[in-house]
There are 2 protein chains.
Amino acid sequence: MGPPWWQAKFRGCGYRITIAREVILNTLAKTEDHLSAEDIYNHIHTKHPNIGLTTIYRTLDVLTNLGLVYRFDFGDKRARYELAEGPKGAHHHHHLVCTGCNRVVDYTDFIDAEVRLLQEIEQVLSKKYGFKITNHLIQFYGLCSRCQADG
Amino acid sequence: MGPPWWQAKFRGCGYRITIAREVILNTLAKTEDHLSAEDIYNHIHTKHPNIGLTTIYRTLDVLTNLGLVYRFDFGDKRARYELAEGPKGAHHHHHLVCTGCNRVVDYTDFIDAEVRLLQEIEQVLSKKYGFKITNHLIQFYGLCSRCQADG
DNA sequence: AACTTTGTTGAAAATCGTTTCCATTTGAAA
DNA sequence: TTTCAAATGGAAACGATTTTCAACAAAGTT
Ligand SMILES: [Mn+2]
Ligand SMILES: [Mn+2]
Ligand SMILES: [Zn+2]
Ligand SMILES: [Zn+2]
């Protein structure tokens, strides 16, 4: 099945391929969640006690700069990460965040309509404000059913 | 002209009206910028050397909880604040953020179309995921003209 | 105006996610 | 292998925000 899909991008940018990087990327690839650096450390630590938290932070920076990973702020005080594109390619989505328990739901409903409007807006804003727009962020905040019940 | 517009809301929630709170609110009311706690401290400090940074953090919490102020994260590592509604009422807008210099631009272009779509989406998501949605966040990221030039 | 209650304040210390330092290790090119 | 810059881990530093706590003051009551 050839070399893992991400290694080309890695080499192309002069980055080395290391166990730590492979393990971290695989951890993100396997989960549905939006993991923090420490989450990843905990997931990994039993099998790889020699990978330090510092390396995880550094690797997440690299991955983010390469565009392989997105970094999010959901309002708890730590950065959270998710894979931007997997072996199967990207599946663009936006987020629904519970302000009660910090649960995060991916949704793709209306994504097409959203993205269509966003592109229209980007065009206008680019021209009007002289920005070169590279990215957007859409999040909805509210209370999940569980947190509504807890009142 | 009667008592300042915000005092009613304050009293109603059992909060006291203090000089610090008045000064902080006025600072936010007078600026076009998105100030951080320290920004506000600096704006205020000459005229009110007795107002401490801690009080500013605490006041911003109160104001945010009252809904008088919005708290934002624009990617530099500090929270930034803006008035939610002034004497003249709110003017809903979204943000364009330069990832080079952290400049933030308010825009209202397409706001109606955005909000219309957002409301539609909120309805669907509320039902589908059982969330009670209270809020949304839309931001565009890119490079401002100055930062594009610096290349 | 003095008294009382209880929210508010400032300064210093604590917190905690993240970054930096630096001596050591390792990937990969030759 | 040899070589050398890139990568690593652990400890220390950082920096925005929060907590602690004794002193203070807003607003209601007498
Ligand atoms: Mn997601
Ligand atoms: Mn704004
Ligand atoms: Zn919840
Ligand atoms: Zn800029």
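Note that the coordinates shown come from a computational prediction; the quantities given were computed from them, not determined experimentally. In what follows, chains are A, B, ... by sequence order, proteins preceding strands, each numbered from 1.
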*Asks:* Determine whether a donor-acceptor pair (one donor, one acceptor, N or O, separation below 3.5 Å) exists between the side chain of R16(B) and the base of dT6(C).
*Replies:* yes

*Asks:* Report the distance from atom OH of Y15(B) to atom P of dA25(D), rounded to the nearest whole Å.
*Replies:*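 After rounding, the gap between these two atoms is 22 Å.
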
*Asks:* Taking the side chain as every heavy atom from C-beta outward, state whether L125(A) and F131(A) have any pair of such atoms under 4.5 Å apart.
*Replies:* no

*Asks:* I19(A) has an atom CD1; how far is it from atom P of dG27(C), in whole Å?
*Replies:* 6 Å

*Asks:* With nearest nucleotide decided by heavy atoms, which residue, E38(B) or A20(A), maps closer to the 5′ end of DNA chain D?
*Replies:* A20(A)

*Asks:* If I take atom CD1 in residue I44(B) and atom P in nucleotide dT9(C), what distance separates them, rounded to the nearest angstrom?
*Replies:*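 Computing the I44(B):CD1 to dT9(C):P distance gives 11 Å.
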
*Asks:* Please give, in whole Å, the distance from dG27(C) P to E22(A) CD?
*Replies:* 11 Å

*Asks:* Side-chain N or O of R58(B) less than 4.0 angstrom from OP1 or OP2 on dT19(D)?
*Replies:* no

*Asks:* Taking the side chain of R78(B) as its heavy atoms from C-beta onward, which of dA28(C), dT8(D), dT17(D) lies nearest to it?
*Replies:*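 Among dA28(C), dT8(D), dT17(D), the one nearest the side chain of R78(B) is dT17(D).
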
*Asks:* Classify the nucleic acid contact of R80(A) as base, sugar-phosphate or nothing, counting any heavy atom under 4.0 Å across all strands shown.
*Replies:*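 If one applies the 4.0 Å heavy-atom cut-off, R80(A) turns out to touch nothing in the nucleic acid.
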
*Asks:* Could you check N102(A), D39(A), D33(A) and say which one makes a side-chain hydrogen bond (donor to acceptor under 3.5 Å, both in side chains) with R80(A)?
*Replies:*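 Testing R80(A) for a side-chain hydrogen bond (donor to acceptor under 3.5 Å, both in side chains) against N102(A), D39(A), D33(A) leaves exactly one candidate, D39(A).
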
*Asks:* Which whole-number value in Å describes the distance from L60(A) CG to dT18(C) P?
*Replies:*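 Rounding to the nearest Å, CG of L60(A) and P of dT18(C) are 9 Å apart.
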
*Asks:* Report the nucleotide, chosen from dT9(C), dC21(C), dT17(D), that has the shortest atom-to-atom distance to any side-chain atom of K77(A).
*Replies:* dT17(D)

*Asks:* Between N50(B) (CG) and dA23(D) (C1'), how many Å, whole number?
*Replies:* 15 Å

*Asks:* Atom CG of D39(A) and atom P of dC16(C): how far apart are they, to the nearest Å?
*Replies:*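 Checked: the CG to P distance equals 16 Å.
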
*Asks:* Is any side-chain heavy atom of H136(B) closer than 4.5 Å to a side-chain heavy atom of I121(B)?
*Replies:* no

*Asks:* Rounded to whole Å, how long is the line connecting atom CG of D73(A) with atom P of dT17(D)?
*Replies:* 12 Å

*Asks:* Tell me which of T54(A) and Y41(B) sits closer to the 5' end of DNA chain C, going by the nucleotide each one is nearest to.
*Replies:*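 Checking each residue's closest nucleotide, the 5'-ward one belongs to Y41(B).
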
*Asks:* Could you check F74(A), Y81(A), Y70(A) and say which one makes a ring pair (Phe, Tyr, Trp, His ring centres under 6.0 Å) with H34(A)?
*Replies:* F74(A)

*Asks:* So which one's nearest nucleotide on DNA chain D is more toward 5', T18(A) or I17(B)?
*Replies:*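 That would be T18(A).
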
*Asks:* Would you say the side chain of F10(A) lies within less than 4.5 Å of the side chain of L68(A), judging by non-hydrogen atoms?
*Replies:*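 SC-SC contact between L68(A) and F10(A) confirmed.
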
*Asks:* Are Y57(A) and dT19(C) close enough that a side-chain N or O sits under 4.0 Å from OP1 or OP2?
*Replies:*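 For dT19(C), OP1/OP2 do not have a side-chain N/O of Y57(A) under 4.0 Å.
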
*Asks:* Which listed nucleotide (dA7(D), dT8(C), dA28(C)) is nearest to the side chain of R21(B)?
*Replies:*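 Looking only at side-chain atoms, R21(B) lies closest to dT8(C).
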
